Student: 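Here's a structure for you.
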Amino acid sequence: MSQDNQDEMLSSRKIPSFRKILSIRKINAVWIILITLTLTSVFVAERTPDAALSIIAVCFIIAIKGQLVIDKLIGLRFENQTIRAVMLSYFYILPVLFIIGFLFPEAFLVFAISP
Amino acid sequence: MSNQTALNLGQVDTPQTSIEAHANHVIENTTDDKVPGNIAVWILIYAELTEFGLFFAIFLVAKAANPIIFAEGPTQLHTSSGAINTLILLTSSFFVARAIHAIKRDKLKTCQRWLWLTLFAGAAYLGTKTWEYGINADNGIDGTTNLFFTIYYYLTFNHLLHVMMGMCTIGWVLARSYIFPYTKDDHEGLESAACYWHMVDLVWIMIFPLLYVLR
C-alpha cells in the first residue's frame with residue numbers, strides 16, 4: 001500500500017488525534033461549584049425553617065454534585081455511556097429514596113423486622 | 001482509494017499492515033465506548049456502591065422504625081468535621097482529575113505533584129476523622145450508644161477503610177510512576193486508581209447529608 005493511500009485511509013476515517021478531555025479552567029470551575037454546593041446544602045439544612053423544603057433541596061444538591069463528579073471529574077461524559085448511565089442512575093435513585101425516607105418514613109416500615 | 005474500499009480493508013483475508021492496525025486501535029479508543037481505567041475496576045466500583053447503597057437502605061428502614069433516636073442522633077454529631085471532610089474529599093477528587101489531565105498532556109512531573117497533593121488530602125481526611133471520633137468519645141458516644149450511632153460508626157468507619165485503600169492505590173501508582181513512567185498513551189493503571197478515588201468521594205457525597213445534615 002502506498003503512503004498516499006495510507007494517509008487517505010486514515011483521513012477518510014476522520015481519526016481524532018486524542019480523546020476529548022476537559023480544559024483546566026473547566027475542572028477548576030467544577031471544583032469551585034462543588035465546594036459552593038456543599039456549603040449551600042449545610043446552610044439550607046441549618047437555616048431553612050421548612051424541613052420538607054430543605055430535605056428536597058439537599059437531595060437535589062446531592063444529585064447535582066454526583067453528576068458533576070461523574071461527568072466532569074471522572075470524565076464519563078466523553079467515555080462509555082453504559083457505565084455513565086449506571087453511575088448517574090445511582091445519583092438519581094438514591095436521593096429520591098432519601099426524600100421518601102425522610103418525608104414519608106412509614107413507606108419503609110414494611111421492611112422493618114418487629115422484635 | 002475510496003472511503004468504501006478503506007472501510008472494507010479490515011474484512012479482507014490479508015495480514016493487516018501496521019498502519020491499518022494502528023488506525024483500528026485509535027478508532028477503538030476514541031469512541032464513546034472507551035472505558036476509563038479498565039473494566040475490572042468498574043466492577044469493583046459497582047460492588048462497593050451496591051454495598052453502600054444497601055446500608056443507605058438499612059439506614060432508612062431503621063430510621064422509620066426508630067424516629068426519635070434518628071432525629072436526635074445528628075444533633076449530637078460534630079457537623080463541622082463532616083463538612084470539613086466533605087471539602088477535603090471534593091478537593092482530593094479535583095487533585096486526581098488534574099493529575100489525569102496532566103498525564104493526558106504527557107506532563108508526568110505535574111501529574112506526580114497532583115498525586116502527592118491527593119495523598120496529603122487523604123491524610124487530612126484521616127486526621128479530621130480521628131479528631132471527630134475523639135470528640136465523640138469525649139462526649140461518651142460510641143458504637144453501642146444507640147442504633148443511629150451503630151450505623152453511623154459502621155458507615156463512616158467502612159468509608160474510612162475505603163479512603164485508606166484508595167490512598168494505598170494512589171501511593172502505588174505514584175511510586176510506579178517514578179520507576180515505570182506513565183505516558184499519555186499508557187496510563188490505564190493510573191486512570192483506574194483515579195476512578196476508585198472518585199468513587200470514595202462519591203460515596204461521601206451521600207453519607208455526609210444522610211448522617212450529618214438531614215434531620
Side-chain angles (χ1 to χ4, degrees), chain A residues 1 5-6 8-10 12-13 15-16 18-24 27-28 30-31 34-35 38-39 41-42 45-46 51 54-55 58-59 61-62 65-66 69-70 72-76 78-83 86-87 90-91 94-95 97-98 100-102 105-109 111-113, chain B residues 1-3 5-7 9 17 19-20 22-23 26-27 29-30 32-36 39 42 45-46 49 53 56-57 59-65 67 70 79 82-83 86-87 90-91 93-94 96-98 100-101 104-105 184 194-195 198-199 201-202 205-206 208-210 212-215:
Chain A
M1 188 185 291
N5 284 346
Q6 289 174 358
E8 187 184 345
M9 186 188 82
L10 286 173
S12 69
R13 292 185 178 194
I15 298 165
F18 47 78
R19 285 156 54 194
K20 294 175 191 172
I21 51 174
L22 219 58
S23 68
I24 288 177
I27 295 174
N28 294 348
V30 167
W31 173 59
L34 285 169
I35 297 293
T38 301
L39 298 175
S41 68
V42 174
E46 297 287 338
S54 71
I55 288 167
V58 168
C59 289
I61 289 173
I62 294 174
K65 284 166 70 179
V69 173
I70 290 164
K72 307 294 183 185
L73 295 189
I74 303 179
L76 277 174
F78 305 131
E79 308 274 358
N80 188 299
Q81 292 304 296
T82 309
I83 289 178
V86 175
M87 295 296 287
Y90 193 85
F91 274 86
L94 279 177
L97 284 179
F98 290 175
I100 296 169
F102 278 83
E106 61 278 7
F108 283 88
L109 269 180
F111 302 108
I113 300 167
Chain B
M1 185 185 288
S2 68
N3 287 357
T5 311
L7 290 171
L9 278 174
T17 62
I19 191 79
E20 287 172 78
H22 174 70
V26 172
I27 285 173
N29 287 286
T30 51
D32 282 345
D33 286 337
K34 172 72 179 70
V35 176
I39 197 66
W42 282 101
I45 287 171
Y46 286 160
L49 289 178
F56 295 149
F59 179 93
L60 294 174
V61 173
K63 180 181 178 304
F70 279 74
T79 309
T86 308
L87 301 181
L90 288 172
T91 304
S93 256
F94 163 73
V96 166
R98 289 295 301 267
I100 293 294
H101 184 278
K104 283 180 176 174
R105 299 283 188 202
K184 73 172 182 180
C195 289
H198 286 305
M199 182 278 292
D201 177 36
L202 284 170
I205 285 176
M206 293 274 187
F208 171 62
L210 191 66
Y212 297 82
V213 177
L214 295 173
R215 307 279 156 87

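Below, all heavy atoms of this structure are taken into account, side chains as well, without hydrogens, waters or symmetry copies. Below, chains carry the letters A, B, ... as their sequence lines are ordered, and counting in each starts from 1. Bear in mind the structure is a predicted one, so any value in this text is a computation, not a measurement.
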Student: Heavy-atom pairs under 4.5 Å with chain B: which of Ile74(A), Val69(A), Leu34(A), Leu97(A) has the most?
Tutor: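 Heavy-atom pair counts peak at Ile74(A).
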
Student: Check Val213(B) against Ala45(A) and note the closest heavy-atom contact, atom names and distance.
Tutor: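 Closest heavy-atom pair between Val213(B) and Ala45(A): CG1-CB, 3.0 Å.
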
Student: Give a yes or no answer on whether the side chain of His198(B) reaches the backbone of Ile70(A) with a donor-acceptor pair at less than 3.5 Å.
Tutor: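 No: the side chain of His198(B) does not pair with the backbone of Ile70(A).
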
Student: Between Val42(A), Val30(A), Leu76(A), which has the largest tally of heavy atom pairs under 4.5 Å with chain B?
Tutor: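 Top option by heavy-atom pairs under 4.5 Å: Leu76(A).
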
Student: To the nearest 0.5 Å, tell me how far His101(B) NE2 sits from Leu73(A) CG.
Tutor: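 Reported to 0.5 Å precision, the distance equals 12.0 Å.
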
Student: Could you pull out the closest heavy-atom pair between Val58(A) and Pro209(B), with the gap in Å?
Tutor: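 Heavy-atom minimum between the residues: CG1-CB, 3.7 Å.
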
Student: Classify the angle between the aromatic ring planes of Trp31(A) and Phe94(B) as parallel (below 30°), tilted (30 to 60°) or perpendicular (above 60°).
Tutor: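 Parallel.
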
Student: Can Asn80(A) and Trp42(B) be said to form a side chain to side chain contact (heavy atoms under 4.5 Å, CB included), step by step?
Tutor: CA-CA 11 Å; Asn80(A) 188 299; Trp42(B) 282 101; over 6 Å; no

Student: Could you tell me which portion of Ile100(A) (side chain, backbone, both or neither) has an atom closer than 4.5 angstrom to a non-hydrogen atom of chain B?
Tutor: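 Contact with chain B is absent: no heavy atom of Ile100(A) under 4.5 Å.
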
Student: Checking Ala65(B) against chain A: side chain, backbone, both or neither under 4.5 Å from a heavy atom?
Tutor: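 Both parts, backbone and side chain.
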
Student: Between chain A and each of Ile39(B), Leu87(B), Leu49(B), count heavy-atom pairs under 4.5 Å; write down the option with the most.
Tutor: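 When all of Ile39(B), Leu87(B), Leu49(B) are compared, Leu49(B) has the most.
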
Student: For Leu214(B) versus Cys59(A), what's the shortest heavy-atom pair and its separation?
Tutor: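 That would be CD1-SG, 4.3 Å.
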
Student: Please find the pair of heavy atoms, one from Phe108(A) and one from Ala64(B), that lie closest to each other, and give the distance.
Tutor: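 Looks like CB-CB, 4.0 Å.
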
Student: Mind checking the CZ-NZ spacing from Phe98(A) to Lys63(B)? Nearest 0.5 Å is all I need.
Tutor: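 Answer rounded to 0.5 Å: 11.5 Å.
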
Student: Which atoms of Tyr212(B) come close to chain A, meaning under 4.5 Å heavy atom to heavy atom: side chain ones, backbone ones, both, or neither?
Tutor: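 Looking at Tyr212(B), nothing touches chain A.
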
Student: With a 4.5 angstrom heavy-atom cut-off, could you sort out which part of Ile61(A) is near chain B: side chain, backbone, both or neither?
Tutor: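 When you check distances to chain B, no heavy atom of Ile61(A) falls under 4.5 Å.
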
Student: Among the options Val96(B), Leu210(B), Thr86(B), pick out the one with the most heavy-atom pairs lying under 4.5 Å from chain A.
Tutor: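 With the most close heavy-atom pairs to chain A, the winner is Leu210(B).
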
Student: Could you state the interatomic distance from CD1 (Ile62(A)) to CZ (Phe208(B)), rounded to the nearest 0.5 Å?
Tutor: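 CZ of Phe208(B) is found 10.0 Å from CD1 of Ile62(A).
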
Student: Nearest 0.5 Å, please: how far is CZ in Phe91(A) from CD1 in Ile205(B)?
Tutor: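 These two atoms lie 5.5 Å from each other.
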
Student: Measuring from atom CD of Glu79(A) to atom SG of Cys195(B), what distance do you get when rounded to the nearest 0.5 angstrom?
Tutor: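 It is 8.5 Å, given to the nearest 0.5 Å.
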
Student: Tell me, for Phe59(B) versus chain A, whether the close heavy atoms (under 4.5 Å) come from the side chain, the backbone, both or neither.
Tutor: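 For Phe59(B), the contact with chain A is made by the side chain alone.
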
Student: Using a cut-off of under 4.5 Å for heavy-atom pairs, which of Lys72(A), Met87(A), Glu106(A) has the most such pairs with chain B?
Tutor: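 The answer is Met87(A).
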
Student: To the closest 0.5 Å, what do you measure between CZ (Phe111(A)) and CG (Leu60(B))?
Tutor: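 Taking CZ in Phe111(A) and CG in Leu60(B), the distance rounds to 10.5 Å.
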
